[in-house]
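Structure, as structure tokens:
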Amino acid sequence: MPPVAEIRSALLAWYDRHARVLPWRSPPGSGERPDPYRVWLSEVMLQQTTVPHATPYFLEFTRRWPTVVDLAAAPDETLMAAWAGLGYYARARNLLACARAVAVDHGGVFPDTEAGLRGLPGVGPYTAAAVAAIAFDRPANVVDGNVERVMARLFAVETPLPAAKPELTRLAATLVADRRPGDWAQALMDLGATVCRPKSPLCERCPVAFACAALTTGAPDAYPRRSQKADRPRRRGFAYVLRDGRGRVALVRRPEKGLLGGMRGLPTSDWSDAPAPAPPVAADWCELGEIEHVFTHFHLTLRVATAEGDWPDAVWVDEVEAAQALPSVFRKALALSPGPRAPRRGGRRST
DNA sequence: CATCCGTGGGA
DNA sequence: TTCCCAAGGAT
């Protein structure tokens, strides 16, 4: 049997000394509950996203929309533009849907239970547990990638991920208690982020090394076991930079669902594994080169062509503002293309 | 249960 | 260069 009480007190003591200062966090042991809106917003932004990447977005969002009711009133287009660059754009659509649900169905107040939170758009098992624990002091079992890794090592779980997930969740549940549930959840995640790291874990600094089964194997970084990854195919296509000669570029609104759903983007060809097709609109095209971009499940090689001309259903947007509101893949494409104020002849060649 | 969905930083 | 993957959720 693992020394549950010792593990808990050792990790909480460590957290009291080493908790990171983060804009959405209240100091450990302060007894001060952080604003549920800020906790929820930070948790959604941090889904599959690093703290350094999400932090400036969090500060800007809370500056522009101090409460969930403010956020609920934001126009879709404005919200999506503010999210541009953060990735996983379904999160932004769900964020707005969730804010509106809280504003309309819950009187602007977040549900204070895990079950209540779970029913909100974009709030899954992890986020519901995290908000319940951190904002409402509920003893929820908060299991993210960090916690899974810590459990896999602490108990030397041999089952590979993702199959091990239920087992890791059960193990994490054995450590949850009524005392300081919010701090406990954050302590576990901080430990995973800073000490029990995916690579090169700092076991000599670990407050629960005394109980770690993976450490005794001599290769703690070999946990969690993982089943083999599928390799990413490569797709090819065109992006089209159409200008009106007055500092504006043509953008299209992408379909609500699917890749980069609901975001504005440059007009493109289809992206397939076949060679990229020629530009479909008659114009004097100048090919500028290509960019590489990596999505979650495929590599993309995008050839960028530019011309003056029109495009079906395009909206014309000032180029500087446009770049700001675009997903990264289109920012790259736009950056490749010289703007009207810095004209450049010829194109770059790839090889 | 498998697949889809971004991005950027580090080793 | 290439590979890994980070505070997941929806379908």
Side-chain angles (χ1 to χ4, degrees), chain A residues 19-20 22-25 38-58 80 83-95 97-98 117-135 140-150 161-166 169 172 182 184-194 196-201 221 224 226-235 254-263 265 271 291-300 326-332:
Chain A
R20 289 181 292 175
L22 300 170
W24 47 84
R25 177 177 280 183
R38 295 166 63 89
V39 174
W40 162 75
L41 180 61
S42 68
E43 290 301 342
V44 174
M45 286 184 168
L46 288 166
Q47 288 167 7
Q48 302 291 284
T49 306
T50 60
V51 166
H53 192 191
T55 297
Y57 286 86
F58 176 84
M80 297 307 284
W83 193 274
L86 201 45
Y88 283 130
Y89 297 97
R91 289 186 297 170
R93 300 193 300 273
N94 287 329
L95 188 82
C98 181
L117 290 158
R118 185 65 180 79
L120 295 168
V123 177
Y126 163 75
T127 304
V131 175
I134 297 169
N141 188 22
V142 181
V143 183
D144 70 338
N146 283 315
V147 178
E148 288 178 356
R149 183 171 57 257
V150 172
L161 281 173
K165 194 171 174 58
T169 299
W184 172 253
Q186 293 175 96
L188 218 37
M189 292 190 283
D190 264 25
L191 185 77
T194 65
C196 197
R197 309 182 295 191
K199 299 172 186 171
S200 313
D221 59 326
R226 290 185 187 278
S227 38
Q228 69 172 43
K229 55 177 195 252
D231 53 340
R232 291 192 256 240
R234 178 171 300 283
R235 297 185 190 170
R254 299 179 61 84
E256 281 302 311
K257 298 194 171 187
L259 189 72
L260 308 175
M263 297 297 291
W271 298 344
I291 59 150
E292 289 289 328
H293 194 75
V294 182
F295 291 99
T296 308
H297 54 294
F298 66 95
H299 292 263
L300 178 66
L326 291 176
S328 293
V329 62
F330 296 122
R331 291 186 193 176
K332 283 186 193 173

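Chain letters run A, B, ... following the sequence lines, proteins first, then strands; residues in each count from 1. No experiment lies behind these values; they were computed from the predicted model shown.
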Remember a base hit wins even if backbone is also touched, and classify A:L161 as base, sugar-phosphate or nothing at under 4.0 Å, heavy atoms.
nothing
Distance check: side-chain N/O of A:Q48 vs OP1/OP2 of C:dA6, anything under 4.0 Å?
no
For A:R234, give me all partners under salt bridge (charged side-chain N to carboxylate O under 4.0 Å, His left out), at least two apart in sequence or on another chain.
A:E292
Nucleotides 1-5 of chain B: which of its N/O atoms have a protein N/O under 3.5 Å away?
from, atom 1, to, atom 2, distance (Å)
B:dC5, OP1, A:L259, N, 3.3
B:dC5, OP2, A:H297, NE2, 2.3

Give one of base, sugar-phosphate or nothing for A:V123, where a contact means two heavy atoms less than 4.0 Å apart.
sugar-phosphate
Name all residues meeting the side-chain hydrogen bond (donor to acceptor under 3.5 Å, both in side chains) criterion together with A:H53; count only those two or more places apart in sequence or in a different chain, and write none if there are none.
none
With sequence neighbours excluded, tell me which residues meet side-chain hydrogen bond (donor to acceptor under 3.5 Å, both in side chains) with A:Y126.
A:E43
Those residues of residues 124-132 of chain A lying under 4.0 Å from DNA chain C by at least one heavy atom:
A:G124, A:P125, A:Y126, A:T127
Quote, to the nearest angstrom, the P distance that separates B:dG8 from C:dG9.
22 Å
Side chain to side chain contact (heavy atoms under 4.5 Å, CB included) filter on A:Q47, not counting sequence neighbours, yields A:V44, A:R91, A:T127
Hey, does A:P327 reach any base, or is it just sugar-phosphate, or nothing, if we go heavy atoms under 4.0 Å?
sugar-phosphate
Under the side chain to side chain contact (heavy atoms under 4.5 Å, CB included) test, residues paired with A:P23 that sit two or more places apart:
A:T55, A:F58, A:L59
Hey, does the side chain of A:R91 come within less than 4.0 Å of B:dG6's phosphate (OP1/OP2), counting only N and O?
no
Going by the rule ring pair (Phe, Tyr, Trp, His ring centres under 6.0 Å), which residues pair with A:Y88 if we only count those two or more places apart in sequence or in a different chain?
none
By nearest atom, which of the nucleotides C:dT11, C:dA6, C:dG9 is closest to the A:K257 side chain?
C:dT11
For A:A84, all residues meeting side chain to side chain contact (heavy atoms under 4.5 Å, CB included), sequence neighbours excluded:
A:M263, A:R331
Mind checking what makes side-chain hydrogen bond (donor to acceptor under 3.5 Å, both in side chains) contact with A:E256, not counting sequence neighbours?
A:R253
Might you point out which heavy atoms bring A:C98 and A:P121 nearest each other, and give the distance in Å?
CB-O, 3.4 Å
Under 4.0 Å, heavy atoms only, any strand: does A:R93 hit a base, just the sugar-phosphate, or nothing?
nothing
Heavy-atom side-chain proximity of A:H299 to A:R235 below 4.5 angstrom:
no
What are the atom names and distances for every N/O pair under 3.5 Å that joins the protein to nucleotides 8-11 of chain B?
from, atom 1, to, atom 2, distance (Å)
B:dG8, OP1, A:S328, OG, 3.2

Which residues satisfy the side chain to side chain contact (heavy atoms under 4.5 Å, CB included) test with A:T194, sequence neighbours excluded?
A:W14, A:R20
So, is A:R149 close to the C:dA6 phosphate, meaning a side-chain N or O under 4.0 Å from OP1 or OP2?
yes
